[in-house]
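Below you'll find the structure, written out as structure tokens, and then a few comments.
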Amino acid sequence: MPDKRYWLFKSEPSAYSFDDLMNEPDGWAEWDGVRNYQARNLMRDDMKVGDGILFYHSNAKPMSVVGIASVVREGYDDSHGLDPKDDHYDPKATKENPIWSMVDIKGERALGRPVTLDEIKLNPKLKDMLLIRKGMRLSIQPVTKEEFDEVIAMGGDSAN
DNA sequence: GCCAACGTTGGC
DNA sequence: GCCAACGTTGGC
């Protein structure tokens, strides 16, 4: 996979945690409900099957990267926006133009230990991560292979 | 719980 | 097309 890319997905563990992903009965989950155009474009246009994902817990104690996941289905229509009863309903979405996209992801493995936001901020190799840029709220962010590998190394995972 | 930063909406 | 108001995110 010559052009494998790497991403960071944020999730509030009170809403959906890495354990929830690992415990999915089917082994994978729809990453639905993203309602931000920039994040949508990344999912719709740039993600490929096999891409690596750092799974980050926001609004958590501690805030940290807790596990590794991967893309198992490339961007497709997020039909949840069409359902008025769905939490992620968007009144502007139509069958002809659902507006939003999602990917499917699979939990790979937990890190040996969580890598906290504080540690990421202190690591000079990770100083350019979007995650620690002031005001950066994007829930899906690209990361470089070097950053991806560094976080895994910090988490004490030797699997790759 | 607070609030800064940011995206979106809507009046003009 | 500008921009103030508003809602949300997410660290603190």
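Just so it is clear: chains get the letters A, B, ... in the order the sequence lines come, proteins before strands, and each one is counted from 1.
Among residues two or more places apart in sequence or in another chain, the ring-ring contact (aromatic ring centres under 6.0 Å, His included) test is passed with Tyr16(A) by Trp31(A). Checked against salt bridge (charged side-chain N to carboxylate O under 4.0 Å, His left out), Arg133(A) has no partners two or more places apart in sequence or in another chain. Not counting sequence neighbours, the partners of Asp20(A) by the side chain to side chain donor-acceptor pair (under 3.5 Å) test are Ser17(A). In this view, Lys134(A) satisfies the salt bridge (charged side-chain N to carboxylate O under 4.0 Å, His left out) rule with no residue, not counting sequence neighbours.
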Sugar-phosphate or base contact per nucleotide [nucleotides 3-12 of chain C; S, B, -; heavy atom under 4.0 Å]: ----BBBBBS
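The stretch residues 92-107 of chain A participates, sequence neighbours left out, in these salt bridge (Lys or Arg N to Asp or Glu O under 4.0 Å) pairs: Asp90(A)-Lys92(A), Lys106(A)-Glu108(A).
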